[in-house]
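One structure is given below, encoded as structure tokens.
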Amino acid sequence: MNEKLADYAARHGLRQSAARPPLGKYLQSVWARRNFIWAFASAKNISLYSDSRLGQVWQVLTPLLNAAVYYLIFGLLLGLSRGLPDFIPFLVTGVFLFGFTQRSVTSGAKSVGDNLSLIRALHFPRATLPLAIAVVELQQLLLSLGVLFAIVFAYGEPLSLYLLLFVPVVMLQLMFNVGISMVMARIGAFNRDITQLLPFVMRTWLYASGVIFSLPSLMEKGSKLSQYPLLGELLQLNPAYVYLELSRHVLLSDYREYIERKYPMDVGQLWLTAGIWSVVMLVGGFLYFYKAEERYGRG
């Protein structure tokens, strides 16, 4: 028989099982599996520390220990805490919220490769995997926020309606994390070496995002960074910096007053930049992942 297999399949109404559906139908399929995404994320979250005695306590201990190390090295030994009010809440806020994005990137890069058996056994929209990773990191963040708020209030932060603005900041950062997790999921699916490079990339990103220092204070007149205004502008457009600075702005009143008094900034522009990053990364990341839907799990 000289008939091609593709023509034979078409004549009998057969289609590729992993073919990419239209975008609208794909979105509906992802939404229909929202309960699976939450259940898969919850199970994965519980299993992460099942082999350790302290279990999920490590979700809080790990960023706290990182913050303690940064405080010892950069706060005490290098003196970056000089002049900054409430440096410990400032530092813990940066470490906790940067970790939210950092883990979304590193786990997202492995979300497809670590679930190849599931992909090859079942037919489902592959976007549910990086989405589940983003939910895992959100669940971990929510647990950490109890400790973060305890530290913030312990340093005298008063209850105010301003704190409610922290909710949209986290939602914007979550949108960004979902998008970047999908980008990394596609890259990691076809190039597993990226997971070896990511620790170095993330460490560089951490230092460029103001996690352990106040970027506005480093840009004051007479500083080395002020001699390179273009670099300063690029650092201020860094999405991780934008989300961290907004979080500190709404959580830490002393820091907010200090920045507004000494280094006046356009907070509205910060919100606008955060919104643009969130929407562009969420939409762009989803479409980028969707375009390779039928290729995941092959080979």
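Heads up: numbering here begins at 1 and tracks the sequence. These numbers come from a predicted model, not from an experiment. Both backbone and side-chain heavy atoms feed into the values below; hydrogens, waters and symmetry mates do not.
Transitive grouping of hydrophobic side chains (ILVMFWY, heavy atoms separated by less than 4.5 Å) brings Leu27 and Val283 into a common cluster. By the criterion of side-chain heavy atoms lying less than 4.5 angstrom apart, applied directly or through intervening Ile, Leu, Val, Met, Phe, Trp or Tyr residues, Trp31 is not grouped with Leu287; the two fall into different hydrophobic clusters. Connection of Phe153 to Leu251 is established within a shared hydrophobic cluster, with ILVMFWY side chains joined at heavy-atom distances below 4.5 Å, either directly or through further cluster members. Follow the hydrophobic side-chain contacts under 4.5 Å out from Leu206 and you never reach Phe200; the two are in separate clusters. Grouping the Ile, Leu, Val, Met, Phe, Trp and Tyr side chains by contacts below 4.5 angstrom, directly or via other members, places Leu164 apart from Phe166.
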Applying side chain to side chain contact (heavy atoms under 4.5 Å, CB included) to Val201 and Leu197, what does each step give before you reach the verdict? CA-CA 7 Å; Val201 174; Leu197 183 63; 4.0 Å; yes
Begin with the C-alpha distance, continue with both residues' side-chain angles, and end with the deciding distance and a verdict on ring-ring contact (aromatic ring centres under 6.0 Å, His included) for Phe190 and Tyr296. CA-CA 8 Å; Phe190 305 119; Tyr296 301 122; 5.5 Å; yes
Determine, stepwise, if the pair Gln139 / Trp38 fulfils side chain to side chain contact (heavy atoms under 4.5 Å, CB included). CA-CA 10 Å; Gln139 291 175 344; Trp38 185 265; 3.3 Å; yes
Show the numbers, then the answer: is there a side chain to side chain contact (heavy atoms under 4.5 Å, CB included) between Leu244 and Val211? CA-CA 7 Å; Leu244 295 190; Val211 174; 3.5 Å; yes
Show your reasoning for whether side-chain hydrogen bond (donor to acceptor under 3.5 Å, both in side chains) applies to Glu157 and Tyr162. CA-CA 11 Å; Glu157 183 65 31; Tyr162 217 96; over 6 Å; no
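Remark: the backbone N or O of Leu270 is not paired with any side-chain donor or acceptor of Glu245 at under 3.5 angstrom. Here the side chain of Asn238 pairs a donor or acceptor atom with the backbone of Ala208 at under 3.5 angstrom. A donor-acceptor pair is defined here as one N or O able to donate and one able to accept, closer than 3.5 Å; no such pair exists between the side chain of Tyr155 and the backbone of Leu252. Formation of a donor-acceptor pair under 3.5 Å by the Ser144 side chain with backbone atoms of Gln140 is found in this model. Side-chain atoms of Thr128 never come within 3.5 Å of backbone atoms of Phe124 as a donor-acceptor pair (strictly under, hydrogens ignored). Checked by atom type and distance alone, the side chain of Asn191 never pairs as donor or acceptor with a backbone atom of Ile187 at under 3.5 Å.
Applying the ring-ring contact (aromatic ring centres under 6.0 Å, His included) rule to Tyr241 yields no partners; only residues at least two apart in sequence or on another chain are considered. Under the side chain to side chain donor-acceptor pair (under 3.5 Å) criterion, Gln102 pairs with no residue, sequence neighbours left out. In terms of the side chain to side chain donor-acceptor pair (under 3.5 Å) criterion, Arg248 has no residue partners (sequence neighbours excluded). Remark: Phe36 pairs with Phe40 by the ring-ring contact (aromatic ring centres under 6.0 Å, His included) rule, at least two apart or across chains. The salt bridge (Lys or Arg N to Asp or Glu O under 4.0 Å) search around Arg192 returns Asp114, not counting sequence neighbours.
No side-chain heavy atom of Ser253 sits under 4.5 Å from any side-chain heavy atom of Ser160. Here the side chains of Arg126 and Val112 are not in contact, with every heavy-atom distance at 4.5 Å or above. Counting heavy atoms from C-beta on, the side chains of Leu145 and Phe100 never come closer than 4.5 Å.
The CZ atom of Phe149 sits 10.0 Å away from atom CG of Leu159, with the distance rounded to the nearest 0.5 Å. The distance from the CG atom of Leu143 to the CG atom of Leu148 is 12.0 Å, given to the nearest 0.5 Å. Taken from CD1 in Ile88 to CG in Leu91, the straight-line distance is 8.0 Å, to the nearest 0.5 Å. In this structure, Asp254 CG and Arg256 CZ are separated by 9.0 Å, a value rounded to the nearest 0.5 Å. The structure places CG of Asp86 at 11.5 Å from CD1 of Ile151, a figure rounded to the nearest 0.5 Å. Atom CG of Leu129 and atom OG of Ser107 lie 12.5 Å apart (nearest 0.5 Å).
Nearest heavy-atom pair, Gly108 versus Ile133, reported as atom, atom and distance to 0.1 Å: N-CG2, 3.8 Å. Closest approach of Gly113 to Leu116, counting heavy atoms only: O-CG, 3.5 Å. In this structure, Ala109 and Ile194 approach most closely via the heavy-atom pair CB-CG2, 4.4 Å. Here the closest heavy-atom approach between residue Arg103 and residue Leu141 is recorded as NH2-N, 4.3 Å. Shortest non-hydrogen contact noted between Ile37 and Val30 is CD1-O, 4.2 Å. Across all their heavy atoms, Leu237 and Trp277 have their closest contact at O-NE1, 2.7 Å.
When only modelled atom types and interatomic distance are considered, Ser278 and Tyr243 share a side-chain donor-acceptor pair under 3.5 Å.
Under the 30°/60° scheme for interplanar angles, the aromatic rings of Tyr290 and Tyr26 are found to be tilted. Ring pair Tyr255/Phe90 is tilted by interplanar angle, where 30° to 60° counts as tilted.
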N/O donor-acceptor pairs under 3.5 Å from side chains in residues 169-186, not counting sequence neighbours:
| unit_1 | atom_1 | unit_2 | atom_2 | d |
| --- | --- | --- | --- | --- |
| Gln173 | NE2 | Leu97 | O | 2.8 |
| Gln173 | NE2 | Thr101 | OG1 | 2.9 |
| Asn177 | OD1 | Thr101 | OG1 | 2.8 |
| Arg186 | NH1 | Tyr288 | O | 2.6 |

